[in-house]
Amino acid sequence: MNFKPIKTAHLDKLADYTRKLYCEPELRKLFFELTLQCNERCFHCGSSCTAQRGDELAREEWLRIIDEVKADFDITRMQLCVTGGEPLLNRDIFDIMGYAHEQGFKWGMTSNATLITPAVARRLADAGMGTISVSIDGLRETHDELRGLAGGYDRAMAGIQNLIDVGAFRNVQVTTVVNHGNIAQLDELFEIMDGLDIDSWRVINLEPIGRALLRPDLMLTREDYVRLFDFIREKRQDGYPLEYGCSHYLGLEYEAEVREWYWLCNAGVYTASIMSNGDIAACLDIERRPETIQGNIRTDRLRDVWDNRFELFRHDLSDLNDECRSCEHARFCRGDAHHSWDYDGNRPMVCLKGTLF
């Protein structure tokens, strides 16, 4: 059966809906970057995390933010997404997120899991954490090399099992960043993930951001991309809970087949972030520069920033580039993702036209 006419109809409706969303955004995911301190040094880190900075928000400031967000937004439709750095290196994480849970927030976390002992897993459950995504970026040796921590793979796998053993979380997910080197390990990784009692496996491609810009040799080739998406589609057709991230427009061949729905960049329309120093932005993977920072929580109220700024994210990026604007896919792609946009050259750094479609 030819699904392309059906997909085209769906994408047309999404394009119309996106125009409405630009005018009437709804904050559904709010990221808390609790710290930039990290015990790993991943070569692909978009935030280039290393150590705690002297200007990071204190416990009392995070509690105030939680109070303000609860007062200003409908939190029944919102998820707090905790990240870093490694968020567990913020010594106040259990106080901060336990308070958020008491105030009625749903929250989840992204972690390298190397610090998740049985006791930490239980404390996360007590603090109300509902979901977690743990990074596993290859087989043991590859993972440790890519993430810059000897023994990191074994510690992360132990952390995953500790989370599973608690049995209190809605979704224990593993996320794998695929590059030109580790893509050959996908089949072996699948066997490992299939043997774990995780709820989902999220596979994403290496992006030209952060430290990864120093390793162009590890960017995916055309053949790599095709292999990646064929792999994800095949496993999903077999019923495995594998999905691609929300990173890019994939064309009619793969849209709605490697993830639950169709491409939409959430930055600034569904998603906002509060950085560890209080800066307010959209997606944390977006390059940190004056025009992408929308304010600071120490001087601005998030509700005011959400309602009156974020103009950068509420229009099609394709409008800024002649080639994108004239492309026959512009209505559906919209210039692709903000996190992989070259803000100096006003062009997409990732375009899968000519690769997947």
Side-chain angles (χ1 to χ4, degrees), residues 33 35-51 83-89 109-116 132-163 172-196 198 200-225 227-229 231-232 235 242-248 283-287 337 339-340 349-350:
E33 182 186 71
T35 182
L36 278 179
Q37 186 177 6
C38 192
N39 60 334
E40 294 187 330
R41 189 174 176 81
C42 307
F43 90 97
H44 57 262
C45 180
S47 303
S48 299
C49 299
T50 51
T83 185
E86 171 49 53
L88 288 169
L89 288 174
M109 181 172 70
T110 299
S111 172
N112 61 39
T114 60
L115 303 176
I116 300 180
I132 186 167
S133 186
V134 175
S135 303
I136 298 292
D137 290 328
L139 302 178
R140 180 179 286 105
E141 183 178 340
T142 300
H143 174 93
D144 290 357
E145 179 183 358
L146 292 176
R147 302 190 71 85
L149 179 65
Y153 176 90
D154 290 334
R155 290 168 61 181
M157 293 296 282
I160 292 170
Q161 191 58 53
N162 292 332
L163 292 163
V172 176
Q173 180 186 77
V174 169
T175 293
T176 299
V177 178
V178 175
N179 62 60
H180 182 60
N182 68 3
I183 193 169
Q185 299 177 2
L186 274 177
D187 290 324
E188 291 177 271
L189 281 171
F190 174 78
E191 295 302 322
I192 293 171
M193 300 306 154
D194 194 34
L196 295 174
I198 58 174
S200 60
W201 184 25
R202 180 170 171 262
V203 179
I204 58 180
N205 57 277
L206 178 66
E207 299 283 2
I209 59 177
R211 293 195 193 112
L213 289 170
L214 302 176
R215 295 296 304 274
D217 56 304
L218 288 180
M219 295 296 167
L220 296 185
T221 65
R222 181 189 182 282
E223 292 74 17
D224 291 337
Y225 274 114
R227 178 178 180 183
L228 173 65
F229 292 119
F231 174 86
I232 297 173
K235 299 304 181 186
L242 173 61
E243 63 180 10
Y244 178 62
C246 60
S247 298
H248 302 290
C283 168
L284 284 169
D285 283 336
I286 295 171
E287 183 182 359
H339 74 268
S340 57
M349 292 185 288
V350 175

Aromatic ring pairing His339/His248, orientation class (parallel under 30°, perpendicular over 60°, tilted between):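 If you compare the ring of His339 with that of His248, the planes turn out tilted.
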
Which residues satisfy the side chain to side chain donor-acceptor pair (under 3.5 Å) test with [X], sequence neighbours excluded?
| X | value |
| --- | --- |
| Ser111 | Glu86 |
| His143 | none |
| Thr176 | Trp201 |

Counterpart residues, salt bridge (Lys or Arg N to Asp or Glu O under 4.0 Å), relative to Arg215 (two or more places apart):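 Applying salt bridge (Lys or Arg N to Asp or Glu O under 4.0 Å) to Arg215 gives Asp217.
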
Partners meeting salt bridge (Lys or Arg N to Asp or Glu O under 4.0 Å) with Glu243 (sequence neighbours left out):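 Glu243 satisfies salt bridge (Lys or Arg N to Asp or Glu O under 4.0 Å) with no other residue.
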
Ile192 vs Met157 side-chain heavy atoms within contact, under 4.5 Å: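 Counting from C-beta outward, Ile192 and Met157 do come under 4.5 Å.
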
Non-neighbouring partners of Tyr225 that pass ring-ring contact (aromatic ring centres under 6.0 Å, His included), sequence neighbours left out: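 Residues passing ring-ring contact (aromatic ring centres under 6.0 Å, His included) with Tyr225: none at all.
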
Looking at every non-hydrogen atom in both residues, tell me the closest pair between [X] and [Y] and how far apart they are.
| X | Y | value |
| --- | --- | --- |
| Gly152 | Glu40 | CA-OE2, 4.3 Å |
| Ala156 | Ala113 | O-CB, 3.9 Å |
| Cys38 | Asn112 | SG-ND2, 4.1 Å |
| Phe231 | Leu242 | CE2-CD2, 3.7 Å |

All side-chain contact (heavy atoms from CB on, under 4.5 Å) counterparts of [X], not counting sequence neighbours:
| X | answer |
| --- | --- |
| Asp154 | Arg140 |
| Cys283 | Ala267, Asp285, Ile286 |
| Glu145 | none |
| Met219 | Leu206, Pro208, Ala212 |

Side chains of Thr175 and Ser133, donor plus acceptor under 3.5 Å: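 Yes, side-chain donor-acceptor contact under 3.5 Å.
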
Donor-acceptor side-chain pairing of Ser200 and Gln173 below 3.5 angstrom: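 Yes.
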
Ile160 and Ile136: CA distance, side-chain angles, deciding distance, side-chain contact (heavy atoms from CB on, under 4.5 Å) verdict: CA-CA 10 Å; Ile160 292 170; Ile136 298 292; 4.0 Å; yes

Atom [atom1] of [X] and atom [atom2] of [Y]: how far apart are they, to the nearest 0.5 Å?
| X | Y | atom1 | atom2 | result |
| --- | --- | --- | --- | --- |
| Arg147 | Tyr153 | CZ | OH | 13.0 Å |
| Leu163 | Ile116 | CG | CD1 | 4.5 Å |
| Leu88 | Thr114 | CG | OG1 | 8.0 Å |
| Arg227 | Ile232 | CZ | CD1 | 12.0 Å |
| Leu196 | Gln161 | CG | CD | 7.0 Å |
| Gln37 | Leu89 | CD | CG | 4.5 Å |

Result block: side-chain N/O donor-acceptor pairs under 3.5 angstrom for residues 180-189, not counting sequence neighbours:
| residue | atom | partner | partner atom | Å |
| --- | --- | --- | --- | --- |
| His180 | ND1 | Asp224 | OD2 | 2.6 |
| Asn182 | OD1 | Asn179 | N | 2.7 |
| Asn182 | ND2 | Asp137 | O | 2.9 |
| Asn182 | ND2 | Val177 | O | 3.0 |
| Gln185 | OE1 | Leu139 | N | 2.8 |
| Gln185 | NE2 | Thr142 | OG1 | 2.7 |

Derivation and outcome, side-chain contact (heavy atoms from CB on, under 4.5 Å), residues Ile198 and Val134: CA-CA 10 Å; Ile198 58 174; Val134 175; over 6 Å; no

Asn205 side chain to Val178 backbone, donor-acceptor under 3.5 Å: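 A pair under 3.5 Å: no.
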
Under 3.5 Å: donor-acceptor pair, side chain of Asn162, backbone of Ala158: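 Yes; at least one donor-acceptor contact below 3.5 Å.
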
From CA spacing to verdict: side-chain contact (heavy atoms from CB on, under 4.5 Å), Ser247, Val350: CA-CA 10 Å; Ser247 298; Val350 175; over 6 Å; no

Steps toward side-chain contact (heavy atoms from CB on, under 4.5 Å) verdict (Thr110, Ile132): CA-CA 6 Å; Thr110 299; Ile132 186 167; over 6 Å; no

